[in-house]
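So the structure is just underneath, and the comments pick up after that.
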Amino acid sequence: KYGFIDKTGKMVIYPLFDNAYPFSEGLARVRIGDADTGKYGFIDKTGKMVIDPQFGFASPFSEGLANVRIGDADTGKHGFIDKTGKMAINPQFDNASEFSEGLALVVIGHRFTGKHGFIDKTGKVVINAQFGRAGPFSEGLASVRIGDRFTGKYGFIDKTGKIVINPQFGFVSAFSEGLAAVKSSSDKTQTWGYISR
């Protein structure tokens, strides 16, 4: 079972949970039950369950909202809750990620092969689901893949969905402090370097 200690090593939340994750925005997600059928909820820093375990999956809170899945991994739908547990964006996506810089990545279609796009905090699609893969926004840019996972190339879009760095890389990381790690497009060399914005 999982619980929490403070910085001195003192037990402050007794190990009651089948899994527990780091605190984010004052709440921690916890799982009751096994990895396949368990339910996710959220506790506060006293260990009190403030959002009952009811979700097939939950991400940490980010920008006031958490991505949650209603149903199982294959047929369930993703939406977003606020810190009271109220559904803020109805479950309608086949997959989703946390909000970053005001936008969240969503997937339409199978979670591995579907198209990736972005929504705002009202749930409105602001960048159509059109990419084979995408990453969260960081420093105003998000990575996207054009093409399939074997032959597609990665580049970057801005918040309007416009491609600002042409897809030419085998893989990329998010921008951090003005640079992004990129892998050459050749599978034989597997060389990495850094690009600027």
Side-chain angles (χ1 to χ4, degrees), residues 4-7 19-29 40 42 44-45 57-69 78 80-83 88-89 93 95-108 111-112 114-197:
F4 291 84
I5 57 173
D6 66 17
K7 291 180 179 179
N19 210 337
Y21 302 85
F23 276 86
S24 176
E25 299 187 2
L27 299 176
R29 60 191 169 128
Y40 289 80
F42 291 85
D44 66 16
K45 289 189 176 180
F57 172 81
S59 71
F61 274 91
S62 177
E63 299 183 11
L65 298 174
N67 161 34
V68 296
R69 188 184 73 229
H78 289 253
F80 292 82
I81 58 170
D82 65 20
K83 289 186 179 180
I89 299 173
F93 307 106
N95 207 344
S97 70
E98 299 96 59
F99 274 89
S100 177
E101 298 186 2
L103 299 177
L105 170 68
V106 294
V107 180
I108 307 297
R111 66 180 196 249
F112 297 123
K115 296 295 184 185
H116 294 216
F118 292 86
I119 61 170
D120 66 16
K121 288 186 181 178
T122 70
K124 177 184 174 189
V125 174
V126 294
I127 299 173
N128 287 332
Q130 59 190 297
F131 304 106
R133 191 144 181 101
F137 275 91
S138 177
E139 300 185 7
L141 299 177
S143 64
V144 295
R145 187 186 73 216
I146 306 295
D148 66 38
R149 64 185 185 145
F150 300 109
T151 61
K153 301 286 187 253
Y154 286 83
F156 290 86
I157 60 171
D158 65 17
K159 288 186 179 180
T160 70
K162 178 184 175 188
I163 292 176
V164 294
I165 298 175
N166 286 331
Q168 58 193 291
F169 305 106
F171 197 73
V172 298
S173 74
F175 274 91
S176 176
E177 298 185 19
L179 298 177
V182 297
K183 186 176 87 168
S184 65
S185 60
S186 169
D187 286 334
K188 294 178 181 177
T189 59
Q190 298 286 316
T191 52
W192 285 83
Y194 288 87
I195 61 169
S196 68
R197 292 171 54 85

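Numbering of residues begins at 1 and proceeds along the displayed sequence.
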Can you name the nearest heavy-atom pair linking [X] to [Y], along with the distance?
X: A174; Y: S138; answer: CB-CB, 4.0 Å
X: A58; Y: V68; answer: CB-CG1, 4.0 Å
X: A180; Y: F156; answer: CB-CZ, 4.0 Å
X: P167; Y: I146; answer: CG-CG1, 3.4 Å

[X] vs [Y] side-chain heavy atoms within contact, under 4.5 Å:
X: F99; Y: I119; value: yes
X: D82; Y: L65; value: yes
X: F137; Y: I127; value: yes
X: R69; Y: H78; value: yes
X: S143; Y: V172; value: yes
X: V164; Y: I157; value: no

NZ or CZ of R29 within 45° of Y21 ring axis and under 6.0 Å: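 Output yes; distance and angle both within limits.
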Do side-chain atoms of K159 reach the backbone of E101 as a donor and acceptor pair under 3.5 angstrom?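 Indeed, once roles are kept as given, a pair shorter than 3.5 Å links the two residues.
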Apply ring-ring contact (aromatic ring centres under 6.0 Å, His included) to the pair Y154 and F169, showing each step before the final yes or no. CA-CA 5 Å; Y154 286 83; F169 305 106; 9.2 Å; no
Under the side chain to side chain donor-acceptor pair (under 3.5 Å) rule, collect the residues that match up with N128, sequence neighbours excluded.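 None.
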Applying side chain to side chain donor-acceptor pair (under 3.5 Å), name anything that partners S196, two or more places apart in sequence or on another chain.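 S196 satisfies side chain to side chain donor-acceptor pair (under 3.5 Å) with no other residue.
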